[in-house]
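Atoms within each ligand, like the ligands themselves, are counted from 1 in listed order.
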Amino acid sequence: MQVFKFGGASVKNADAVKNVASIVKTYAKEPTIIVISAMDKTTNKLEALVNAYFYKQGSVEEIFNDLKEFHLGITKILFKDPANINNEIENVFVEMLWVLEEEPSFTYNHHYDQLVSLGEVLATKIVSAYLNENGITNKWMDARGIIQTDNSFREGKVDYALSETLVQTQLLPELKKTNIVVTQGFIGGTSENFTTTLGREGSDYTAALLAYFSNAERVIIWKDVPGVLNADPKYFKNTKKIDELTYHDAIELTYYGASVIHPKTIKPLQNKNIPLFVRSFVSPAEEGTVIKESEKRINVTSYIFKVNQILLSIQPKDFSFIAEDNLSAIFSLFSKYNVHANMIQNSAISFSVCTDYDEHKIEPLINDLQEQFKVLYNKDVQLMTIRNYDNEIISKLSENKIILIEQRSRNTHQMVMKEE
Ligand code: ASP
Ligand code: MG
């Protein structure tokens, strides 16, 4: 048995869903769990909806209607008679309305998860119904009843033992009957029946977890790129596909921000030695990249470029040194606001951290830090990580940029830069 994962771009419109059906028809001849993300930019729109609802930023009604029209527009093309599926879609939107009509009563993160998770619910309902209608019999399953987490909203910590039991006792028996189970990536459920999400782009992680719990033979992530590339084609020309990677290399690449696979994906697969294939849904017959245990280490130079970063420089107000007690106060605040450091550097009187800029996390973090520390910051900076670097590459990539801080180890060079 195997696990397939289709991300938002692979189900971005009706034609894309048809393409998914043709891939499933050709490549899912053995029992296959299919994990699907929200369609196209739905998750971003749902985030905007939550902000409109919770922070009164923007129009709830406009975003709501846009989301509804988008999904109904797709079913209209896909189904000869969309009455049944539209009924199911309408029900999800009715559920959403019930929430939106009341004033927020939980935390932002709690509301976020209840609403944003619905993108995956909508996508899987549509794809599952379309496959069934086209002779690919499958069972739709609700991941919230399978992947169990604690109640860390927006970053649910998975209860491995409980989720494994649910996969074995609920999911696998269904898979035996129908050969194909369609379920949601990215979302889980708590013991109190609330929905959680596993972090943005978390569907890959769901696919890895399901493979781990069911002892799958492989995971295939179907993407709009030919495989794992040595740089993001959004920022670099002449990218190269990497044919084979070890789990170790893949963990490093994703840790530094290579967005092709979610960083949490690799570890569960490595633990059970399950190979991960990254293949193109545009040219499904091509080989793509395989990530598995191997003696070979890659020495292709790879570039990982992160934009929209902020560089914080934190200094004790009393001119004391940055020492262990300060560091522990700083880190506990980072953890309180769920802010992850992408790069850190310590000097005698200042501690620098480069992190993703998420206004709703960073602004309260800065406020809190300022009670004890002086905080300086640079917004709109970029973080460049080069693996297997050489000096020529470094100077080329930092041309016309100001380097704010940099760090190098034997294999990896990192620099925080801003435009000149
Ligand atoms: N739909 C979610 C997101 O866009 C999860 C995923 O795509 O993996 O973050
Ligand atoms: Mg996505």
Indicate whether the side chain of Tyr112 and that of Glu47 have a donor and an acceptor atom separated by less than 3.5 Å.
yes
Side-chain donor-acceptor distances from residues 266-273 under 3.5 Å, at least two apart:
from	atom 1	to	atom 2	distance (Å)
Lys267	NZ	Gln270	OE1	3.1
Lys272	NZ	Tyr212	O	2.8
Lys272	NZ	Asn215	OD1	2.8

Residue pair Gln345 / Glu406, side-chain donor-acceptor N/O under 3.5 Å:
no
Looking only at distance, does Asp204 have an N or O less than 3.5 Å from an N or O of ligand 1?
no
Which atoms of ligand 1 are found less than 4.0 Å from any heavy atom of Ser37?
6 (C), 7 (O), 8 (O)
Please name the residue in the list Phe331, Phe373, Phe334 that meets the ring-ring contact (aromatic ring centres under 6.0 Å, His included) test with Phe351.
Phe331
Atoms of ligand 1 less than 4.0 Å from Glu120 heavy atoms?
1 (N), 2 (C), 5 (C)
Going by heavy atoms, is Gly202 under 4.0 Å from ligand 1?
yes
Is the closest side-chain donor-acceptor distance between Glu90 and His71 under 3.5 Å?
no
Check each atom of ligand 1 against the heavy atoms of Phe186 and keep those under 4.0 Å away; list them by number with element.
2 (C), 5 (C)
Side chains of Lys401 and Gln382, donor plus acceptor under 3.5 Å:
yes
Which one holds for Ser203 and ligand 1: side chain close, backbone close, both close, or neither close, with close meaning a heavy atom under 4.0 Å?
both
Using a strict cut-off of 4.0 Å, indicate which atoms of ligand 1 neighbour a heavy atom of Arg200.
3 (C), 4 (O), 9 (O)
Give a yes/no verdict on whether any heavy atom in His262 is under 4.0 Å from an atom of ligand 1.
no
